Amino acid sequence: MAHQKWTSTALLVIAMQNDFIADDGLARLDGGKAILPSIIKAVEIARQRGIRIVWVVREHDPSGTDVELFRRHRYSNGRVGPVIKGSRGAALVDGLEIKQGDYKVAKTRFSAFYATPLHSFLQDAGVDSLVITGIQTPNCIRQTAFDAIAYDYRSVTVIVDATAAVTPEVHSANVYDMKKVKIATPTLEEWSVEAEADA
């Protein structure tokens with residue numbers, strides 16, 4: 001039986017999609033592939049502990065009309081932009097799989113909360129604590145974590161070696177900022193030990 005702490009927790013896996021992770025991805029992030037084993041392990045631990053898993057993906061219209069203005073040139077003049085809904089690029093990278101009981105959220109901006117049903121879903125599920133993984137730290141990870149703080153989630157955790165940015169320096173600087181607002185930043189090992197202790 002799952003510990004009550006974990007039944008009120010959700011693991012968010014953000015933007016681990018082919019276009020961001022695969023070698024031939026249209027918007028591949030250096031460092032994204034390196035954290036894949038940690039993401040896989042975090043999902044495994046979450047399933048063992050009864051933690052709800054939320055897959056947060058970017059999906060865009062082929063026209064790019066739902067993309068931020070500064071990105072729209074990537075979809076114009078017949079170009080095929082990243083993470084087009086239904087494309088291979090928008091699919092989860094190999095090794096990750098949505099299973100029965102998981103929840104998927106499609107977003108078009110950095111934050112997983114912006115113009116999505118995520119907050120309503122989490123409230124209805126009795127979730128008050130979030131554990132965040134994925135890419136990339138200064139954009140989707142940071143914005144989602146700060147929005148979770150704004151929504152008064154009781155606990156917000158970012159697993160530092162299951163998240164990544166374009167460089168380690170950018171990653172570290174953003175982790176530093178998140179610590180300043182009391183976002184927990186354990187390693188996967190530290191978080192897994194905590195999960196084991198509360199099992």
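Owing to the predicted nature of the structure, the values given are computational and were not obtained by experimental measurement. Only this structure's heavy atoms are used, side chains among them; waters, hydrogens and symmetry mates stay out.
Counting only heavy atoms from C-beta outward, the side chains of Val43 and Trp55 approach each other to under 4.5 Å. You'll find the side chain of Leu36 reaches within 4.5 Å of the side chain of Met16, heavy atoms only. The shortest side-chain heavy-atom distance between His171 and Thr163 falls under the 4.5 Å cut-off. Using a 4.5 Å cut-off on side-chain heavy atoms (C-beta onward), Ile135 and Phe20 make contact.
Salt-bridge check for Lys33 with Asp23: passed, with a basic side-chain N closer than 4.0 Å to an acidic carboxylate O. Between Glu68 and Arg71 there is a salt bridge, since at least one side-chain N of the basic residue sits less than 4.0 Å from a carboxylate O of the acidic one. A salt bridge links Asp30 with Arg28: the distance from a Lys NZ or Arg NE/NH1/NH2 to an Asp or Glu carboxylate oxygen falls below 4.0 Å.
With Thr133 contributing its side chain and Leu12 its backbone, the two residues share a donor-acceptor pair below 3.5 Å. Checked by atom type and distance alone, the side chain of Asp102 pairs as donor or acceptor with a backbone atom of Lys99 at under 3.5 Å. Formation of a donor-acceptor pair under 3.5 Å by the Thr144 side chain with backbone atoms of Ala112 is found in this model. In this structure, the side chain of Thr157 does not engage the main chain of Ala184 through any donor-acceptor pair within 3.5 Å. For the pair Ser172 (side chain) and Pro168 (backbone), a donor-acceptor distance under 3.5 Å is present. In this structure, the side chain of Thr185 does not engage the main chain of Lys179 through any donor-acceptor pair within 3.5 Å. Between the side chain of Lys107 and the main chain of Phe110, a donor-acceptor pair closer than 3.5 Å is present. Side chain of Gln17 to main chain of Ala90: a donor-acceptor pair is present (N/O by atom type, distance under 3.5 Å, no hydrogens or angles). Asp19 places a side-chain N or O within donor-acceptor distance of the main-chain N or O of Val83, the cut-off being under 3.5 Å. Checked by atom type and distance alone, the side chain of Arg79 pairs as donor or acceptor with a backbone atom of His73 at under 3.5 Å.
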Subject >> Working for salt bridge (Lys or Arg N to Asp or Glu O under 4.0 Å), residues Glu44 and Lys41 >> reply: CA-CA 5 Å; Glu44 178 184 312; Lys41 182 64 176 176; 3.3 Å; yes
Original post:
Could you walk me through whether Leu122 and Tyr151 pass the side-chain contact (heavy atoms from CB on, under 4.5 Å) check?
Top reply: CA-CA 11 Å; Leu122 294 173; Tyr151 277 119; over 6 Å; no
Original post:
Are Asp147 and Ser111 close enough, and set up right, to give a side-chain hydrogen bond (donor to acceptor under 3.5 Å, both in side chains), and what steps lead you there?
Top reply: CA-CA 7 Å; Asp147 277 357; Ser111 174; 2.6 Å; yes
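Between Asp66 and the options His60, Arg109, Arg72, Lys85, a side-chain hydrogen bond (donor to acceptor under 3.5 Å, both in side chains) holds for only His60.
Aromatic pair His119/Tyr153: ring centres closer than 6.0 Å.
Considering every non-hydrogen atom in both Pro138 and Ala165, the closest pair reads CD-CB, 3.7 Å.
Following chains of ILVMFWY side-chain contacts shorter than 4.5 Å, one can reach Leu118 starting from Ile14, so the two form part of one hydrophobic cluster. Cluster membership for Leu11 and Ile183, using ILVMFWY side-chain heavy atoms within less than 4.5 angstrom, is not shared.
Atom CG of Asp24 has more than 12 neighbouring heavy atoms from other residues, nucleotides or ligands inside a 6.0 Å radius. Counting non-hydrogen atoms of other residues, nucleotides and ligands closer than 6.0 Å to CZ of Phe70 gives a total above 12.
Cation-pi contact between Arg142 and Phe146: present, with separation from the ring centre below 6.0 Å and deviation from the ring axis of at most 45°.
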